[in-house]
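Throughout, protein chains are lettered first and strands after them, A, B, ... in sequence-line order, and every chain is numbered starting at 1.
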Number of protein chains: 2
Amino acid sequence: MAMDLRSGCPINLSLEVFGDRWSLIILRDMIFGGKRHFRELLTTSIEGIASNILADRLKRLMEFGMLTKADDPTHKQKAIYSLTEKSIALVPIMAQLGAWGRAWLPVSEELSIRAELLEDGGPAMWEAFMADLRAEHLGIGKVRPMDESVRGRLQAGYEAVVLRKAGAASP
Amino acid sequence: MAMDLRSGCPINLSLEVFGDRWSLIILRDMIFGGKRHFRELLTTSIEGIASNILADRLKRLMEFGMLTKADDPTHKQKAIYSLTEKSIALVPIMAQLGAWGRAWLPVSEELSIRAELLEDGGPAMWEAFMADLRAEHLGIGKVRPMDESVRGRLQAGYEAVVLRKAGAASP
DNA sequence: TCAACCAATTGCAAAATGCAATCAGTTTGG
DNA sequence: CCAAACTGATTGCATTTTGCAATTGGTTGA
């Protein structure tokens with residue numbers, strides 16, 4: 001909604017698209033967690049986003065061309081969200097963010113496995129992962145899928161952590 | 001101040017440090033614009049930050065160990081802000097952000113020269129630039145400075161743009 | 001039929017932001 | 001020597017954004 005256009009600087013413009021507290025978290029869960037539905041994003045995000053904020057950010061990200069939305073054929077009410085090439089192109093940024101966080105912040109070992117894999121794999125692996133995302137979200141390319149075990153570890157959800165948190169809350 | 005600790009995910013923790021509307025803009029101006037003083041950051045930022053927000057963010061960034069503050073020997077009242085290794089380590093993130101913005105957003109040609117230089121130079125150039133920043137802000141290393149013309153273009157300020165904006169406002 | 005589930009929406013309090021005015025100490029120019 | 005300009009902030013206040021809980025209108029599967 002709010003398109004300030006504070007300046008035409010690339011860094012500033014990028015921040016205007018996803019430089020808020022939630023947009024990158026949502027995209028992280030879609031890119032690395034394989035989340036495609038509203039409910040999935042709402043209930044399995046470790047950080048616990050509120051439904052109104054999630055609805056607003058999904059709308060905003062669609063307006064910016066970062067996501068598309070389609071009817072889920074299996075469920076008339078379900079919407080399925082897809083990444084676009086524009087948001088898949090964030091993988092290198094995510095990788096650098098993860099690497100920086102791992103180096104300088106008190107990350108939890110469990111949640112930084114993905115960042116470590118991306119860091120160790122380097123640009124070649126980012127590209128392979130992006131090709132995988134294109135195949136899943138855009139339905140193109142993908143002659144040979146990424147190594148399955150690597151992909152599995154990369155997309156391994158936070159479900160265990162989420163469940164543990166939920167369990168601790170209601171024992 | 002506000003340390004939520006929403007989760008120990010590297011990306012989330014990184015966002016808690018600089019995932020707001022202004023912190024990265026300030027760091028960008030210090031890293032690429034060579035700004036070291038409150039007034040410089042206040043008046044030569046193209047985006048036009050308010051002084052109370054600037055004061056708050058400088059304080060916050062110091063609390064996070066991204067900046068340090070010292071008395072300017074040439075001016076008793078002047079404070080000089082320095083980058084730390086932690087914030088210098090953001091250069092790769094800035095480079096990726098700039099590259100993404102340049103590829104996907106309507107950046108102004110004038111303001112995206114830095115991003116283009118970083119993109120073309122690649123990781124080797126990022127490292128050279130970081131070494132330069134270490135020499136200036138931490139007073140270490142620096143056997144041989146970076147190529148002067150490249151460094152000049154990289155740090156070329158937005159002064160022309162700022163002046164033009166100011167001029168247009170009061171003709 | 002009916003409870004569970006779906007993607008949102010609404011209302012409201014709290015926090016963040018933007019803006020202008022102001023502050024006390026410092027330096028500079030005449 | 002003194003006034004003007006400059007230093008890094010701080011204050012007050014209106015607007016905007018956010019966070020949270022409850023709720024909505026519709027769908028699904030038993």
Side-chain angles (χ1 to χ4, degrees), chain A residues 1-7 12 15-26 29-30 35-63 67-82 169-170, chain B residues 1-7 12 15-26 29-30 35-63 67-82 165-166 169-170:
Chain A
M1 251 293 179
M3 241 307 205
D4 282 310
L5 255 185
R6 303 189 297 184
S7 89
N12 176 60
L15 290 178
E16 291 189 17
V17 173
F18 53 78
D20 68 279
R21 218 150 172 62
W22 288 108
S23 296
L24 265 193
I25 296 291
I26 294 168
D29 286 347
M30 292 190 65
K35 310 294 165 59
R36 308 284 298 260
H37 302 289
F38 190 93
R39 279 294 144 173
E40 278 181 309
L41 290 164
L42 185 66
T43 59
T44 68
S45 161
I46 324 174
E47 288 86 9
I49 189 170
S51 68
N52 59 340
I53 307 283
L54 176 59
D56 178 77
R57 290 307 185 280
L58 288 173
K59 187 178 134 213
R60 225 179 93 91
L61 287 170
M62 285 190 289
E63 288 169 358
L67 298 177
T68 58
K69 179 179 167 180
D71 294 335
D72 187 325
T74 72
H75 194 297
K76 258 179 196 150
Q77 217 165 1
K78 239 172 187 167
I80 187 160
Y81 293 91
S82 298
S170 57
Chain B
M1 254 287 182
M3 240 306 206
D4 282 310
L5 254 184
R6 304 190 298 183
S7 89
N12 176 60
L15 290 178
E16 291 188 18
V17 173
F18 53 78
D20 68 278
R21 216 146 176 63
W22 288 111
S23 296
L24 264 192
I25 296 290
I26 294 168
D29 286 347
M30 291 190 65
K35 310 294 166 58
R36 308 285 300 260
H37 302 289
F38 189 94
R39 282 290 148 173
E40 276 181 309
L41 289 164
L42 185 66
T43 60
T44 68
S45 161
I46 325 173
E47 288 87 9
I49 190 170
S51 68
N52 57 342
I53 307 284
L54 176 59
D56 179 77
R57 290 307 184 279
L58 288 173
K59 186 178 133 212
R60 224 179 94 90
L61 288 170
M62 285 191 286
E63 287 169 359
L67 298 178
T68 58
K69 180 178 165 180
D71 294 335
D72 186 327
T74 73
H75 192 297
K76 261 183 195 143
Q77 216 167 2
K78 241 173 187 166
I80 188 159
Y81 293 92
S82 298
K165 281 181 83 175
S170 58

Legend entry - Atom-to-atom span, CD1 of Ile80(A) to P of dA8(C) - whole angstrom: 13 Å

Legend entry - Under-3.5 Å donor-acceptor pair between Arg39(A) side chain and dA7(C) base: yes

Inset, instruction - Please figure out whether His75(A) or Ala79(B) has its closest DNA chain D nucleotide nearer the 5' end. - result: Ala79(B)

Legend entry - Base dG8(D) to side chain Gln77(B), donor-acceptor N/O within 3.5 Å cut-off: no

Inset, instruction - Would you indicate, yes or no, if dT9(C) has its OP1 or OP2 atom less than 4.0 angstrom from a side-chain nitrogen or oxygen of Lys59(A)? - result: no

Legend entry - Side-chain heavy-atom pair Asn12(B), Ile46(A) within 4.5 angstrom cut-off: no

Inset, instruction - Look at the side chain of Asn52(A) and decide which nucleotide, out of dG19(D), dG8(D), dT10(D), has an atom nearest to it. - result: dG19(D)

Legend entry - OP1 or OP2 of dA16(C) under 4.0 Å from side-chain N/O of Trp22(B): no

Legend entry - Heavy-atom closest pair, residues Ser51(A) and Phe38(A): O-CZ, 3.7 Å

Legend entry - NZ/NE/NH1/NH2 to OD/OE distance under 4.0 Å, Arg36(B) and Asp72(B): no

Legend entry - Phosphate contact (dT18(D) OP1 or OP2) by Arg57(A) side-chain N/O below 4.0 Å: yes

Legend entry - From CG (Asp71(A)) to NZ (Lys78(A)), nearest 0.5 Å: 13.0 Å

